[in-house]
> 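Quick one: the structure is below, and I'll ask about it shortly.
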Amino acid sequence: MSWFLSHPLTWLVATLLAYRLGVHLRDRTGHPVAQPVLVGVVLLAAALMLLDVDYETYAEGATIVTFLLGPATVALAVPLHRQLGRLRGYALPLVIGLLVGVVVSVGSAMLLVQLLGGDELLARTVAPKATTAPVAIALSRTIEGVAPLTAAIGITAGILGAVAAPTVLTWLRVREHRARGLATGAVSHGIGTSRMLHEHPVEGAFSGLAMGLTALATSLLLPVLVPLFLR
């Protein structure tokens, strides 16, 4: 049994099955909480805890999934290419909106941490939360945050965005597909983008665009914003 639990193939298969179950639940129920990533995280975390398997063992098996995140992210350019015509006349509002979004995201996170009594280290750690995990980890190290915690917070933000963003945007009467996609991609990166791709092709394409541009803008602005929001 210990050999089976420590074998890399075991956890690769478990990861794929957990995600597939999440897809099945989403398609069958349509419930916002039934997001494949959330379902997969819950199932795998429960399995690792119940079977007393350490994360390093799991990570060894899931290496190929981690590797494929790169090509999957690049592949988001395909739906955007199909929607290029919708970018006409939208470039300036898009850039302004994303730049404002980065400032609000970084500033609100850091100020909230400090308001609730958190220290400077935690404020630095949460600052890049809206960027995709590899970028967030690199930025966290650059600004002297705790990179693993940044990754965990970023993934949590992505899951929350995937679950709540479409409903919240509908409540706010945001019905323009491009705006819905940009808003979601700017705050919940790849996980939110996967949800928007399922919702509507235009929303998915613009969410992927927002994810990439937000990562770029955050990389450029974060060194300037962090000192401004530290009290």
Side-chain angles (χ1 to χ4, degrees), residues 8 11-12 15 18-19 35-38 40-42 44-45 48-49 53-74 76 98-99 101-163 184-194 207-208 210-231:
W11 296 107
L12 172 61
T15 300
Y19 185 82
Q35 295 304 308
V37 173
L38 177 57
V41 167
V42 171
L44 289 169
L48 293 174
M49 292 177 65
V53 176
D54 58 60
Y55 175 76
E56 287 72 19
T57 300
Y58 167 78
E60 184 180 355
T63 300
I64 188 171
V65 177
T66 305
F67 170 77
L68 290 174
L69 285 175
T73 302
V74 174
L76 291 174
L98 289 179
L99 289 176
V102 169
V103 174
V104 171
S105 174
V106 173
S108 61
M110 296 185 68
L111 292 176
L112 184 60
V113 166
Q114 295 174 85
L115 181 64
L116 295 176
D119 60 12
E120 180 180 319
L121 178 62
L122 183 57
R124 291 177 181 273
T125 299
V126 302
K129 64 175 176 54
T131 58
T132 187
V135 177
I137 291 171
L139 290 176
S140 182
R141 290 172 177 157
T142 300
I143 61 173
E144 300 179 347
V146 182
L149 182 57
T150 299
I153 293 171
I155 291 170
T156 302
I159 291 174
L160 291 175
V163 170
T184 304
V187 297
S188 52
H189 38 87
I191 302 175
T193 297
S194 68
S207 183
M211 179 183 76
L213 292 179
T214 297
L216 175 61
T218 304
S219 300
L220 296 174
L221 294 177
L222 197 63
V224 177
L225 294 176
V226 169
L228 289 178
F229 288 110
L230 285 177
R231 296 188 298 179

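Only heavy atoms go into these numbers, but all of them, side chains included; no hydrogens, no water, no symmetry mates. Just so you know, residue 1 is the first one in the sequence shown, and it goes up from there.
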> For residues Leu221 and Val106, determine if any side-chain heavy atom of one lies less than 4.5 Å from a side-chain heavy atom of the other.
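No - every pair of side-chain heavy atoms lies 4.5 Å or more apart.
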> How far apart are the closest heavy atoms of Ala130 and Ala186, and which atoms are they?
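Answer, listing the atom of Ala130 first, then Ala186: CB-O, 3.6 Å.
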> Any salt bridge (charged side-chain N to carboxylate O under 4.0 Å, His left out) involving residues 130-152? Give me the pairs, sequence neighbours left out, ordered by first then second residue.
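Every candidate salt bridge (charged side-chain N to carboxylate O under 4.0 Å, His left out) pair involving residues 130-152 fails, so no pair, neighbours aside, qualifies.
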> Under 4.5 Å between any side-chain heavy atoms of Leu149 and Leu122, yes or no?
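Sidechains of Leu122 and Leu149: in contact.
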> Tyr19: which residues meet the side chain to side chain donor-acceptor pair (under 3.5 Å) condition with it, sequence neighbours left out?
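None.
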> What are the two closest heavy atoms between Ser194 and Ile191, and how far apart are they?
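Closest pair (atom of Ser194, atom of Ile191, distance): OG-O, 2.6 Å.
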> Could you pull out all donor-acceptor pairs under 3.5 Å where a side-chain atom in residues 211-218 meets a protein atom, sequence neighbours excluded?
residue : atom : partner : partner atom : Å
Thr214  : OG1  : Ala210  : O            : 2.7
Thr218  : OG1  : Thr214  : O            : 2.6

> Excluding sequence neighbours, so at least two apart, what forms side chain to side chain donor-acceptor pair (under 3.5 Å) with Ser188?
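Counting only residues at least two positions away or on another chain, Ser188 forms no side chain to side chain donor-acceptor pair (under 3.5 Å).
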> Using the side chain to side chain donor-acceptor pair (under 3.5 Å) criterion, which residues pair with Thr131? Sequence neighbours excluded.
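Side chain to side chain donor-acceptor pair (under 3.5 Å) list for Thr131, sorted by chain: empty.
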> Taking only residues two or more places apart in sequence or in another chain, which ones pass side chain to side chain donor-acceptor pair (under 3.5 Å) with Asp54?
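Asp54 satisfies side chain to side chain donor-acceptor pair (under 3.5 Å) with Thr57 only.
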> Testing the basics here: between Ile143 and Pro128, what is the closest heavy-atom pair and its distance to 0.1 Å?
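Smallest heavy-atom distance, with atoms named: CD1-CD, 4.3 Å.
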> Just to verify, what does Leu48 make a side-chain contact (heavy atoms from CB on, under 4.5 Å) with, not counting sequence neighbours?
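Checked Leu48 against side-chain contact (heavy atoms from CB on, under 4.5 Å); matches are Trp11, Val53, Tyr58.
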> Which heavy atom in Met110 sits nearest to a heavy atom in Leu230, and how many Å separate them?
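Heavy atoms only, the tightest pair is CE-CD2, 3.5 Å.
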> Between Gln114 and Phe229, is there a donor-acceptor pair closer than 3.5 Å when you use the side chain of the first and the backbone of the second?
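Yes.
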> If you take all heavy atoms of Ala123 and Val113, which pair is closest and at what distance?
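Smallest interatomic distance, heavy atoms only, reads N-CG1, 3.8 Å.
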> So which heavy atom on Lys129 is nearest to which on His189, and how close?
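The pair with the smallest heavy-atom distance is O-NE2, 3.8 Å.
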> Which pairs would a plain distance check flag for residues 150-162, meaning a side-chain donor or acceptor within less than 3.5 Å of a matching protein atom at least two apart in sequence or in another chain?
residue : atom : partner : partner atom : Å
Thr150  : OG1  : Thr125  : O            : 2.8
Thr150  : OG1  : Ser140  : OG           : 2.8
Thr150  : OG1  : Val146  : O            : 3.1
Thr156  : OG1  : Ala152  : O            : 2.8

> Using the test side-chain contact (heavy atoms from CB on, under 4.5 Å), find all partners of Ser219 that sit at least two apart in sequence or belong to another chain.
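Ser219 satisfies side-chain contact (heavy atoms from CB on, under 4.5 Å) with Val135, Leu139 only.
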